[in-house]
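What follows is one structure encoded as structure tokens, with my remarks underneath.
Read the numbers this way: they start at 1 and go in the same order the structure lists the ligands and their atoms. Every heavy atom of this structure was used, including side-chain atoms; hydrogens, water molecules and symmetry mates were not. Note that this is a predicted model, so its numbers are computed, not measured.
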Amino acid sequence: MNLAERDHNVIWHPYTQMKTAALPVPIVRGEGALLFSEDGTSYVDAVASWWVNLHGHAHPYIAQKVTEQLNTLEHVIFAGFTHPAAVTFAERLLQILPQGQSRIFYSDNGSTAVEVALKMAIQYWNNFGTPKKKIIAFRDSYHGDTFGAMSVSARSAFTVPFWSYLFEVQFIDVPTPGNEEESVKQLETCALAGDVAAFIYEPLVLGTAGMVMYTPEVLDRLIEICRQHDILTIADEVMTGFGRTGRTFATDYLQQKPDMVCLSKGLTGGTMALGATSCSEKVYEAFLHDDKGKTLFHGHSYTANPVACAAGLASMDLLLQEETQESINRIVQRHAAFAASIKNLPQVLEVRQQGTILAVEFEDGATSYFSDLRDTLYSFGLEKGVILRPLGNIIYVIPPYCITDQQLDQVYQAIVGMQEIVTGKRHHPRPDLDMLHD
Ligand SMILES: *Cc1c(COP(=O)(O)O)cnc(C)c1O
């Protein structure tokens, strides 16, 4: 039995219909932007392994720092104890995080980073004795797969079985170009109705919604309204953090700063599972009390795992190098040139770019994650040696920053090839399952 067959006997994969899915591609090694399968085939990792990888696979510097940490201290309980990696990483995160963040709460993934932020926001008001019940979120948002994170995410086809278990959220439209005023109006209406604890948002780019983008100017207006109405703001930078949007954080494009920031994915450069929720001193102070009931009673066994923090520190060293910043700028420019070259093709509905994130929306009736087109495009990419996971008819590129020009060309060529497939195919929309997701 080969690896894929052994896998098929014992493993249940994420976001995968195990009955019909093709056998998984067995990857045995990674180097730079490339992944190598058992039979020696190489793939350009154009999705940064689900948006986590920043500096390439098996990076020797990160590997060295992780090894040193493993040989020194692999883990220690984080209640009542601390360790150098967690403290140093928190100090350094606060130096690069948007202004106003003053405390780091560690967890182990993006969903938990969001859960922690939501719990901080809700308990913040409870601790003052003025509980507020409502949370505002974007209608098409994605904040994770645990129950709180699902609750503040789009009511999509992926969460149907759980809808009746999710807490109620006030959804407002995403302020995409042309929809700004409507979105602002909706937020104002919610704010005026009162009882709102927090507004959670993916700044500038909604990833899972299909790399949907909107401007910093309108987000500034939304946050400003929240300020005026005493609504806490939570920036979910799980995907956008650490250079993806061209600046260190998407929030760096804004005048208004959030009360809390959620981090994961690129936090360790894609090496280890780690989550972090940062908050302002104002939020933190609401939990300081002689009454023990006002404590934030939340924690995970692997909170602030030293090896993960060491990976995070090593990744930050690399991120702050001039060379990496140059690579980011190079990708931004190459994306822009490619976008300009394809935007007038007949099958291309829209090309969107925010920094190193590029999305190409193909014309097609069926924008569903479940459509055959999605599977056809996905397989086509693999045949061309490129890992691209279409969100329905939307192809996106979110590469490791070390990707070479040649590898980028290979990715762009695969996308141009996909355009021809789209021409040959027409699909019937399935309105009951028309939500995008990944
Ligand atoms: C991926 C993602 C999450 C969830 O992170 P996990 O580590 O997959 O739980 C939350 N928010 C955003 C914006 C994301 O892209």
Side-chain angles (χ1 to χ4, degrees), residues 13-16 47-54 98 105-121 135-154 156 158-159 162 166 169 171 174 198-214 219 233-245 248-251 258 260-278 298 300 302-305 308 311-312 315 354-357 359 369 389 391 394 396-399 435-438:
H13 284 269
Y15 281 102
T16 304
V47 297
S49 282
W50 247 346
W51 322 346
V52 301
N53 190 291
L54 299 186
F105 192 103
Y106 289 109
S107 60
D108 29 46
N109 60 72
S111 303
T112 55
V114 167
E115 297 288 340
V116 169
L118 293 172
K119 285 173 79 169
M120 279 179 181
I135 308 276
I136 300 174
F138 286 135
R139 201 175 307 286
D140 304 319
S141 61
Y142 177 75
H143 296 289
D145 281 352
T146 51
F147 271 84
M150 266 199 294
S151 294
V152 293
S153 299
S156 80
F158 290 79
T159 57
F162 315 108
L166 303 181
V169 168
F171 287 109
V174 184
F199 168 45
I200 182 166
Y201 56 88
E202 295 165 83
L204 307 192
V205 188
L206 281 81
T208 304
M211 301 298 160
V212 170
M213 300 179 188
Y214 63 95
L219 183 53
T233 50
I234 304 168
D236 179 352
E237 294 248 16
V238 168
M239 181 196 68
T240 51
F242 305 99
R244 292 291 184 207
T245 64
T248 308
F249 296 99
T251 300
M260 283 164 266
V261 181
C262 306
L263 304 172
S264 189
K265 292 199 168 123
L267 181 60
T268 63
T271 307
M272 305 274 304
L274 184 67
T277 308
S278 67
H298 187 101
H300 298 278
Y302 284 99
T303 297
N305 174 257
S315 175
Q354 176 65 60
T356 69
I357 305 169
Y369 181 94
R389 276 181 71 88
L391 294 157
I394 299 163
Y396 64 86
V397 185
I398 178 166
M435 293 302 291
L436 295 167
H437 206 292
D438 195 2

Any luck finding a side-chain donor-acceptor pair between Glu115 and Thr146 under 3.5 Å? yes
So how far is it from Arg389 CZ to Ile394 CD1, rounded to the nearest 0.5 Å? 14.5 Å
Going by the rule side chain to side chain contact (heavy atoms under 4.5 Å, CB included), which residues pair with Ala113 if we only count those two or more places apart in sequence or in a different chain? Ser107, Cys262, Thr277
Test side chain to side chain contact (heavy atoms under 4.5 Å, CB included) applied to Val397 - qualifying residues, sequence neighbours left out: Ala46, His335, Leu358, Leu388, Pro399, Val411, Ile415
Check ligand 1 for close polar pairs with the protein: N or O on both sides, less than 3.5 Å.
| unit_1 | atom_1 | unit_2 | atom_2 | d |
| --- | --- | --- | --- | --- |
| ligand 1 | 7 (O) | Gly110 | N | 2.8 |
| ligand 1 | 9 (O) | Asn109 | OD1 | 3.4 |
| ligand 1 | 9 (O) | Ser111 | N | 2.9 |
| ligand 1 | 9 (O) | Ser111 | OG | 2.6 |
| ligand 1 | 11 (N) | Asp236 | OD1 | 3.3 |
| ligand 1 | 11 (N) | Asp236 | OD2 | 2.7 |
| ligand 1 | 15 (O) | Lys265 | NZ | 2.6 |

Who passes side chain to side chain contact (heavy atoms under 4.5 Å, CB included) against Asn53, sequence neighbours left out? Ala48, His57, Pro400
Under 3.5 Å, is there a donor-acceptor pair linking the side chains of Tyr396 and Trp51? yes
